[in-house]
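Side-chain atoms are counted along with the backbone in the values below, which use heavy atoms only and exclude waters and symmetry mates.
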Amino acid sequence: MGGTGTVVSQFLNLSSSSSSYSPRFLAPSLSCAASTLLHSRFSLPSIRSCTSSATATPSTSSDTITPPTPLKKRVVSGVQPTGSIHLGNYFGAIKNWVALQNTYDTLFFIVDLHAITLPYEAQQLSKASRSTAAIYLACGVDPSKASVFVQSHVRAHVELMWLLSSATPIGWLNKMIQFKEKSRKAGDEEVGVALLTYPVLMASDILLYQSDFVPVGEDQKQHLELTRDLAERVNYLYGGRKWKKLGGRGGAIFKVPEPLIPPAGARIMSLTDGLSKMSKSAPSDQSRINLLDPKDLIANKIKRCKTDAFPGLEFDNPERPECNNLLSIYQLISGKTKEEVVQECQNMNWGAFKTLLTDALIDHLRPIQVRYDEIMSDSGYLDDVLAEGARNASEIADATVNNVYQAMGFLGRR
């Protein structure tokens with residue numbers, strides 16, 4: 001990933017004393033998984049073999065967790081369990097995770113703590129979290145290669161958020177575009193403090209795991225920049241020689257993560273507006289294809305989706321955003337190249353193409369839906385996967401948060 005561009009931190013020029021940081025970043029590594037998942041009825045690959053792991057049990061202020069560096073670079077990501085997982089989530093995130101898990105040390109979680117920043121149905125949160133986890137697995141995320149867990153099951157997310165909040169200037173949060181947009185729509189009386197501070201929770205999600213890379217879309221780059229700035233700031237305020245004087249390891253407390261940009265063309269737009277991205281929050285369900293939509297509903301949505309009156313079909317015409325979007329969906333769902341799609345579809349009318357696209361969507365999503373139903377029917381299996389994922393994640397997260405407590409001067413616990 002050497003070609004990944006670095007996001008310039010606004011905090012890098014604060015002080016030259018940051019040169020006292022050690023260039024060697026030590027990150028906790030994932031533990032081996034329990035053998036309880038080996039005999040799943042679904043014949044998933046076996047859990048990864050045991051390697052040396054970190055245990056987060058500092059008992060005094062002079063104890064620092066210094067587990068070995070993982071053999072692979074680490075990637076973390078997650079999706080909120082609100083609304084329905086749709087094609088945009090699938091191609092923009094989850095499908096990429098399936099490839100990433102073969103190359104990186106991966107942690108994929110259900111970000112349920114983020115789901116409560118806006119009004120939500122408490123009765124549905126638990127059910128939606130389980131459903132989202134099942135979709136991860138149904139799409140090909142393999143618990144023998146990736147840790148899959150629920151964010152709130154690892155308490156260190158909230159602990160680290162509070163510690164990071166003390167070092168986060170309020171001016172940084174006031175600049176967050178998404179907060180401005182959502183608070184303007186909802187009004188001050190309907191907006192909780194969590195909507196303002198959730199970028200700090202997002203930073204906690206990333207920094208807890210000493211992440212090397214974070215998959216980001218265009219609308220998330222600002223949040224990753226804040227995470228990087230915050231890592232640099234905490235490293236400067238509490239790391240280096242200051243931490244060493246407190247009996248710690250010294251050097252950097254956090255890795256500064258890099259963005260991992262998804263493949264070009266993975267952005268799926270709305271079926272009702274080719275200039276707006278497909279979104280869970282769009283008021284009309286007609287605007288999106290959900291992964292669990294039955295075939296009749298998929299056919300109806302494609303039949304009614306917005307098109308244009310131009311002859312033929314083509315990519316990249318700015319006057320035809322809906323045409324470009326539907327061709328892009330077909331390219332992604334069929335696995336064909338852009339050139340192959342042009343050759344196949346350029347002379348089609350909309351009726352013929354919509355039939356082709358509908359059939360391709362149904363064929364692609366059917367195995368995912370079957371696998372999802374199997375997983376949801378075996379609650380014990382899903383519980384085991386999430387519990388094991390949370391244990392793996394907690395080992396890393398607890399080591400990180402204990403080091404932060406130490407570096408910030410808290411009294412160690414025996």
Any idea which heavy atoms bring M376 and A134 closest together, and the distance?
SD-CB, 3.6 Å
Between the CD atom in Q101 and the OG atom in S144, the distance rounded to the nearest 0.5 Å is 7.5 Å
Nearest atoms (heavy-atom pairs only) where V214 meets P257:
CG2-CB, 4.0 Å
Under 4.5 Å between any side-chain heavy atoms of S165 and T197, yes or no?
no
I'd like to know if the side chain of S204 reaches the main chain of H157, judged simply by a donor and an acceptor atom lying under 3.5 Å from each other, with no hydrogens or angles considered.
yes
So, does T168 use its side chain to make a donor-acceptor pair with the main chain of L164 at under 3.5 Å?
yes
Test your reading of the model: is there a side-chain donor-acceptor pair from N300 to the backbone of D296, 3.5 Å cut-off?
no
Within the 3.5 Å criterion, strictly below it, is a donor on S129 or D112 matched to an acceptor on the partner's side chain?
no
CD (Q343) with more than 12 external heavy atoms under 6.0 Å:
no
Less than 3.5 Å apart, any donor N or O on the side chain of E232 or N235 sitting next to an acceptor on the other?
no
Residue pair V141, I135: steps toward the side chain to side chain contact (heavy atoms under 4.5 Å, CB included) verdict:
CA-CA 9 Å; V141 173; I135 286 177; over 6 Å; no
Is it true that a side-chain atom of D398 and a backbone atom of E395 form a donor plus acceptor pair closer than 3.5 Å?
no
Under a 4.5 Å cut-off applied to non-hydrogen side-chain atoms, are L87 and L361 in contact?
yes
Say whether, by atom type as modelled, one donor and one acceptor occur between the side chain of N89 and the main chain of H86 under 3.5 angstrom.
yes
Parallel, tilted or perpendicular: ring planes of W97 versus F108, cut at 30 and 60 degrees
parallel
Using a 4.5 Å cut-off on heavy atoms from C-beta on, say whether the side chain of L100 contacts that of L260.
yes
Between E344 (side chain) and V341 (backbone), is there a donor-acceptor pair under 3.5 Å?
no
4.5 Å side-chain heavy-atom contact, L365 and D293
no
Does some side-chain heavy atom of F254 sit less than 4.5 Å from a side-chain heavy atom of T400?
yes
Applying side chain to side chain contact (heavy atoms under 4.5 Å, CB included) to K338 and not counting sequence neighbours gives F315, D316, Q331
With the threshold set at 4.0 Å, does a side-chain nitrogen-carboxylate oxygen contact exist between D105 and K73?
no
Please confirm whether the backbone N or O of A282 pairs with a side-chain atom of R288, one donor and one acceptor, at under 3.5 Å?
yes
Applying side chain to side chain contact (heavy atoms under 4.5 Å, CB included), name anything that partners R130, two or more places apart in sequence or on another chain.
S379, L382, D383
Return the minimal non-hydrogen interatomic distance between L386 and A133, and the atom names on each side.
CD2-CB, 3.8 Å
Decide yes or no on side chain to side chain contact (heavy atoms under 4.5 Å, CB included) for M408 and V234, but give the supporting numbers first.
CA-CA 9 Å; M408 292 181 70; V234 172; 5.8 Å; no
From L357 atom CG to K303 atom NZ, the distance as rounded to the nearest 0.5 Å
15.0 Å
Quick check for you: to the nearest 0.5 Å, what is the distance between L275 atom CG and M269 atom CE?
6.5 Å
Do the side chains of I268 and I329 get nearer than 4.5 Å, heavy atoms only?
yes
So does D285 pair up with K301, basic N to acidic O under 4.0 Å?
yes
Is NZ or CZ of K255 both nearer than 6.0 Å to the six-membered ring centre of Y209 and within 45° of the ring axis?
no
Please answer whether the main-chain N or O of S284 pairs with a side-chain N or O of S287 as donor and acceptor at a distance below 3.5 Å.
yes
Could you tell me whether a side-chain N or O of S211 sits under 3.5 Å from a main-chain N or O of L207, the two making a donor and an acceptor?
no
Supply the atom-to-atom distance I206 CD1 to L107 CG, rounded to the nearest 0.5 angstrom.
12.5 Å
Taking it one step at a time, do K72 and T103 satisfy side chain to side chain contact (heavy atoms under 4.5 Å, CB included)?
CA-CA 7 Å; K72 295 180 178 179; T103 306; over 6 Å; no
Please test V385 against L137 for side chain to side chain contact (heavy atoms under 4.5 Å, CB included), starting from the C-alpha separation and ending with a verdict.
CA-CA 10 Å; V385 169; L137 302 181; 4.2 Å; yes
Pairwise distance CD1(I253) to CD(Q210) - rounded to 0.5 angstrom:
9.5 Å
Taking C-beta and beyond as the side chain, do L326 and L271 meet within less than 4.5 Å on heavy atoms?
yes
Step by step, would you call E322 with N325 a side-chain hydrogen bond (donor to acceptor under 3.5 Å, both in side chains)?
CA-CA 5 Å; E322 287 78 23; N325 183 45; over 6 Å; no
Between H153 and F109, is the ring centroid distance below 6.0 Å?
no
Any idea which heavy atoms bring A138 and I368 closest together, and the distance?
CB-O, 3.5 Å
For A352 and N349, work out which heavy atoms get closest and say how close.
N-OD1, 2.8 Å
Could you report the tightest heavy-atom contact between A397 and A156, atom names first, then the distance?
CB-CB, 3.8 Å
Please tell me if the side chains of L196 and I170 come closer than 4.5 Å, counting only heavy atoms from C-beta onward.
yes
With a 4.0 Å cut-off, would you call R320 and D308 a salt bridge?
yes
E225 with R228: basic N within carboxylate O range, under 4.0 Å
no
Could you tell me whether K295 atom NZ has more than 12 heavy atoms of other residues or ligands within 6.0 Å of it?
no
Treating D378 as the side-chain partner and Y381 as the backbone partner, does any N or O pair qualify as donor plus acceptor under 3.5 Å?
yes
Filter on side-chain hydrogen bond (donor to acceptor under 3.5 Å, both in side chains), then keep only pairs touching residues 352-370, sequence neighbours left out; what's left?
Y90-H364
Please report the interatomic distance CZ(F149) to CD1(I110), rounded to the nearest 0.5 Å.
8.5 Å
Can you label the angle between the Y104 ring and the F213 ring as parallel, tilted or perpendicular, going by 30° and 60°?
perpendicular
